[in-house]
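For ligands, and for the atoms within them, numbers begin at 1 and follow the listed sequence.
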Amino acid sequence: MRLAADTITHVAILTTSNTKISVVVIISSYADGSAARGVFADETVTVGLTDGRKTRLRNVLIGCSDSYQGSNFDNVDGLLGLANTKHSFAAYAVEKFGRKFSYCLVDHLSNINATSYITFGGGASRNRVKLSGNARRTTLELQALTPFYAVKIRGISVDGKTLEIPMKVWDVTQGGGTILDSGTSLTYLTNPAYQTVMEALTMSVSKYPRVKLDAVPMDYCFNSTGFDATWVPKLILHFEDGARFEPHWNSYVIPVGGGVRCLGFLPARFPGVCVIGNIMQQKYFWEYDLTAKELSFAPSACS
Ligand SMILES: *[C@@H]1O[C@H](CO)[C@@H](O)[C@H](O)[C@H]1NC(C)=O
Ligand SMILES: *[C@@H]1O[C@H](CO)[C@@H](O)[C@H](O)[C@H]1NC(C)=O
């Protein structure tokens with residue numbers, strides 16, 4: 001049967017059945033050293049479609065972990081593989097529903113009733129804000145840093161001033177490059193860029209008392225009592241093809257609780273890859289078009 005609607009909004013797996021093969025022990029490792037261990041099974045998965053109906057996806061690879069290391073998996077119900085590899089859920093879903101997927105992430109501290117969403121396929125999104133005329137578009141590099149989604153950045157500006165960052169930081173052929181990653185929370189910049197961006201941002205918050213917190217990985221945190229958001233400089237990521245990503249200020253001057261905010265960047269070694277994490281991506285709608293190799297994005301309340 002051919003379904004009228006070709007998108008999924010609910011990634012929650014409703015049921016799985018018909019386990020065929022399992023007992024392949026796997027260890028999947030992440031860049032931060034965390035890893036999970038368990039078995040893979042070939043499953044039939046039931047998913048919700050945007051028109052309210054449900055459909056079955058056969059032969060979906062589902063992993064069931066029995067142990068893990070690293071705090072990445074604390075309080076996590078599960079992981080949905082979105083990587084550009086043949087075994088990820090995204091790869092399966094985009095082949096079935098159209099070679100696009102999109103998501104919108106609400107603020108991680110927002111009311112529990114505010115929900116993020118992810119949709120596979122390019123069809124009508126149920127009540128969702130469609131990309132409007134003011135959407136930005138940039139090239140999605142599918143081959144540069146597989147299985148990640150790479151983007152080409154040309155520079156970063158803070159309050160209109162382009163920071164002096166060596167071009168090799170952004171250049172895959174020189175050991176650099178940037179990925180947009182939904183599975184990493186904070187944003188990683190390789191070292192020449194990290195230093196420069198932190199210097200530019202700390203100037204504006206240095207009037208607030210600096211706080212050292214062991215519980216957070218970020219280096220620069222401050223007591224935000226009496227904090228005035230209008231002091232936060234405007235950070236813009238400039239893509240090579242001219243598109244600009246202007247993250248919400250709350251996404252890089254991050255509240256961590258107890259009246260403290262931290263600059264939401266972590267250093268990474270060069271040669272290495274910069275990672276635009278999911279907090280930076282909050283309150284934006286992101287569409288990955290794997291056929292056109294295009295990333296579109298626009299500010300959104302995700303409602
Ligand atoms: C979330 O929504 C439910 C149902 O509408 C409501 O009863 C509840 O108070 C809401 N929770 C918050 C934290 O707003
Ligand atoms: C922040 O500063 C206020 C006012 O000086 C103080 O009452 C509060 O304890 C400080 N909070 C932290 C986390 O240092």
- Query: Do any non-hydrogen protein atoms sit less than 4.0 Å from atom 14 (O) of ligand 1?
  - Reply: yes

- Message: Which of the numbered atoms in ligand 2 are under 4.0 angstrom from any heavy atom belonging to T225?
- Response: 1 (C), 2 (O), 3 (C)

- Task: Would you confirm whether any non-hydrogen atom of the protein falls under 4.0 Å from atom 2 (O) of ligand 2?
- Result: yes

- Any chance NZ of K293 has more than 12 other-residue heavy atoms, nucleotides or ligands included, within less than 6.0 Å? no

- Message: Show me which atoms of ligand 2 lie under 4.0 Å from any heavy atom of G258.
- Response: 13 (C)

- Could you list the residues that satisfy side chain to side chain donor-acceptor pair (under 3.5 Å) with Y68, not counting sequence neighbours? D74

- Establish whether atom 11 (N) of ligand 1 and some protein heavy atom are separated by less than 4.0 angstrom. yes

- To which protein heavy atom is atom 5 (O) of ligand 2 closest, and what is the distance rounded to 0.1 Å? N223 ND2, 4.7 Å

- Query: So F297 and F245, would you call those rings parallel, tilted or perpendicular, with 30° and 60° as cut-offs?
  - Reply: perpendicular

- Decide, yes or no, whether a salt bridge links D219 with R210 under the criterion of side-chain N to carboxylate O below 4.0 Å. yes

- Near V260, which atoms of ligand 2 are under 4.0 Å from a heavy atom of that residue? 13 (C)

- Query: Is E240 paired with R154 through a side-chain N to carboxylate O contact shorter than 4.0 Å?
  - Reply: no

- F148 CZ: over 12 foreign heavy atoms closer than 6.0 Å: no

- May I ask you to identify the nearest protein heavy atom to atom 8 (C) of ligand 1, giving residue, atom name and distance to one decimal place in Å? N113 ND2, 3.7 Å

